[in-house]
Student: 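A single structure is presented below for examination.
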Amino acid sequence: MPALGFGVFQTPPDETRAAVSAALADGYRNIDTAAAYGNERQVGEAVAAAGLDRSEVFVETKIWISDYGYDQTLHGFEKSARKLGVDQIDLLILHQALPSEFDKTLEAYRALETLLADGKVRAIGVSNFMVDHLTALLDRATVVPAVNQIEVHPYFTQPQVQAMNAEHGILTQAWSPIGGITFYRDGQHSSTLQDPDIGRIADAHGKTPAQVMLRWHLQRGRSAIPKSTNPQRIAENIDVFDFELTATELAEIDALDTGRRGGPEPEAITLETFGRAIPED
């Protein structure tokens, strides 16, 4: 799996095809979507139209909590595969833990293990799983998740979750890796893009703050999936392989952590609040 991917969270379906096409043209080879995003079909269309061999593009998507449960998750795979236009999904992820009904989460993961054994997916993982969720899952799972996709950016690094991921050989994949959630959603954060320390480091390397943050993820051993619909930004975000941050700079960015989450609290995820049907087509 390429460490740097391209995300389409909150990208409208009618903009997704062009954004993914631009990303693939710029050299991205990992595309991250989800059933709940409502744009899997457009991702699949862009991948199919890119003129690349299917093996060259790593596609990851996520099962939404409304499709948790063993049989429901198997059907969730069928829906996603059909929309993406693929027979095999490279990485299939559980989008959230469902703490109040964790038995459904466990059954959903058991379905992922079946899909993996049957060759319908190449790898399986989780997203937004905290330490207690991982502990409960690992007590029952037969396959360790390949990935835990969590909110990680300079203002929120989740060190305990990252440490547990590392302990079990689970790759930490950062969503909102440049802190987008700090400036497009109301909250207590200021914008990472205007952070003076990140700006100073960016100036020292002749790079943008976004490029510095993505480089920070890569040098810390994480995967990152930035998102954009702006062709210039899409190209900019993958142009991060021609410079290196110093150990001091990495530490300075690490020190910006505020401990304040931008996304929803994992314990607040319930079917009553967040459940919604995922369409068949």
Side-chain angles (χ1 to χ4, degrees), residues 1-9 11 16 18-33 43 46-47 50-53 55-60 90-91 146-147 149-159 162 165-166 171-184 190-257:
M1 183 184 78
L4 188 63
F6 182 75
V8 294
F9 173 58
T11 302
T16 297
V20 174
S21 295
L24 292 170
D26 286 330
Y28 292 86
R29 292 296 180 267
N30 177 7
I31 308 298
D32 173 82
T33 183
V43 167
V47 170
L52 298 165
D53 190 274
S55 64
E56 293 183 58
V57 184
F58 191 96
V59 177
E60 51 186 87
D90 297 298
L91 173 62
V147 167
Q149 187 185 113
I150 59 175
E151 179 185 348
V152 182
H153 48 78
Y155 288 171
F156 189 63
T157 62
Q158 307 206 67
Q162 288 201 61
N165 288 345
L171 176 67
T172 296
Q173 186 173 62
W175 66 258
S176 193
I178 62 175
I181 201 161
T182 70
F183 46 86
Y184 64 67
S190 57
S191 170
T192 49
L193 291 176
Q194 267 114 46
D195 185 274
D197 291 315
I198 295 173
R200 173 176 45 79
I201 294 169
D203 289 343
H205 290 276
K207 291 291 185 177
T208 67
Q211 289 171 321
V212 164
M213 286 184 269
L214 292 171
R215 186 68 200 176
W216 167 69
H217 285 292
L218 298 179
Q219 286 185 230
R220 286 302 194 208
R222 292 185 290 269
S223 170
I225 45 171
K227 56 152 286 187
S228 180
T229 57
N230 181 310
Q232 180 181 338
R233 296 281 184 267
I234 292 170
E236 174 187 300
N237 287 343
I238 200 173
D239 184 22
V240 294
F241 296 98
D242 60 350
F243 74 107
E244 188 163 329
L245 301 174
T246 67
T248 298
E249 290 168 337
L250 292 171
E252 288 176 335
I253 299 172
D254 291 339
L256 297 174
D257 186 17

Student: Under the side chain to side chain donor-acceptor pair (under 3.5 Å) test, which residues partner Asp32, sequence neighbours left out?
Tutor: Lys62, Gln149
Student: Val212 and Lys207: which non-hydrogen atoms are nearest, and at how many Å?
Tutor: CG2-CB, 4.5 Å
Student: For the backbone of Ser191 and the side chain of Gln194, can you confirm whether one donor and one acceptor N or O come within less than 3.5 Å of each other?
Tutor: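 Side chain of Gln194 to backbone of Ser191: no pair is present.
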Student: I'd like to check Thr192 versus Pro209 (side-chain heavy atoms, cut-off strictly below 4.5 Å). Are they in contact?
Tutor: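 Side-chain contact under 4.5 Å: no.
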Student: So how far is it from Thr157 OG1 to Asp257 CG, rounded to the nearest 0.5 Å?
Tutor: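 Between Thr157 OG1 and Asp257 CG, I get 3.5 Å after rounding to 0.5 Å.
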Student: Can you check side-chain contact (heavy atoms from CB on, under 4.5 Å) on Arg220 and Asp254, steps first, answer last?
Tutor: CA-CA 10 Å; Arg220 286 302 194 208; Asp254 291 339; 2.5 Å; yes
Student: Could you pull out the closest heavy-atom pair between Glu56 and Arg29, with the gap in Å?
Tutor: O-CD, 3.3 Å
Student: Restricting to non-hydrogen atoms, name the atom on Pro177 and the atom on His217 that form the minimum distance, rounded to 0.1 Å.
Tutor: O-NE2, 2.7 Å
Student: Does some side-chain heavy atom of Ile198 sit less than 4.5 Å from a side-chain heavy atom of Pro154?
Tutor: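 Yes, at least one pair of side-chain atoms sits under 4.5 Å.
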Student: With distance as the sole test, does Lys227 use its side chain to make a donor-acceptor pair with the main-chain N or O of Phe9 at under 3.5 Å?
Tutor: yes
Student: Are a donor atom and an acceptor atom from the side chains of Arg222 and Gln162 found within less than 3.5 Å of each other?
Tutor: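 Side chains of Arg222 and Gln162: pair found under 3.5 Å.
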Student: Using modelled atom types only, decide if a donor and an acceptor are shared between the side chain of Ser223 and the backbone of Ala3 within a distance under 3.5 Å.
Tutor: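 It does hold such a pair.
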Student: Search all heavy atoms of Ala46 against all heavy atoms of Leu24 and return the closest pair with its distance.
Tutor: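 Between these two residues, the closest heavy atoms are O-CD1, 3.8 Å.
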Student: Residues in side chain to side chain donor-acceptor pair (under 3.5 Å) with Gln211, at least two apart?
Tutor: Thr208
Student: Which atom pair, heavy atoms only, marks the closest approach of Leu171 to Gly221?
Tutor: CD1-O, 3.6 Å
Student: Please examine the side chains of Val43 and Val8, heavy atoms only from C-beta on, and report whether any two atoms are closer than 4.5 Å.
Tutor: yes
Student: For Ile150 and Gln173, what are the C-alpha separation, side-chain angles and deciding distance, and is it a side-chain contact (heavy atoms from CB on, under 4.5 Å)?
Tutor: CA-CA 6 Å; Ile150 59 175; Gln173 186 173 62; over 6 Å; no
Student: Parallel, tilted or perpendicular: which describes the rings of Tyr155 and His153, with under 30° parallel and over 60° perpendicular?
Tutor: perpendicular
Student: How about Val47 and Leu52: do any of their side-chain heavy atoms sit closer than 4.5 Å?
Tutor: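 When only atoms from C-beta onward are counted, Leu52 and Val47 do not touch, as no gap falls below 4.5 Å.
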Student: Measuring from atom CE of Met213 to atom CG of Leu256, what distance do you get when rounded to the nearest 0.5 angstrom?
Tutor: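 Separation between the atoms: 9.5 Å.
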Student: So do the side chains of Phe58 and Ile31 get within less than 4.5 Å of each other, counting heavy atoms only?
Tutor: no
Student: May I ask you to test the His205-Leu245 pair for a side-chain heavy-atom distance under 4.5 Å?
Tutor: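 Touching, per the 4.5 Å side-chain cut-off.
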Student: Check this for me: does any side-chain nitrogen of one of Arg200 and Glu252 sit under 4.0 Å from a carboxylate oxygen of the other?
Tutor: yes
Student: For a quick check under 3.5 Å, do Asn237 and Tyr28 share a side-chain donor-acceptor pair by atom type?
Tutor: no
Student: Please name all residues satisfying side chain to side chain donor-acceptor pair (under 3.5 Å) with Gln219, sequence neighbours left out, ordered by chain then number.
Tutor: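 Partners of Gln219 under the side chain to side chain donor-acceptor pair (under 3.5 Å) test: Arg215.
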Student: Asn230 and Ser228: side-chain donor and acceptor closer than 3.5 Å?
Tutor: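 No, no side-chain donor-acceptor contact under 3.5 Å.
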Student: Specify the closest pair of heavy atoms between Ile225 and Phe6, including all atoms of both residues, with the distance to one decimal.
Tutor: CG2-N, 4.3 Å
Student: With a 4.5 Å heavy-atom cut-off, do Leu4 and Leu214 have their side chains touching?
Tutor: yes
Student: Strictly distance-based, threshold 3.5 Å: is any side-chain N or O of Asn30 a donor or acceptor partner for the main-chain N or O of Pro2?
Tutor: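 Yes, Asn30 side chain to Pro2 backbone: donor-acceptor pair under 3.5 Å.
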Student: Can you check whether Thr11's main-chain N or O pairs, donor with acceptor, with Thr16's side chain at less than 3.5 Å?
Tutor: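 Between the backbone of Thr11 and the side chain of Thr16 there is a qualifying donor-acceptor contact (under 3.5 Å).
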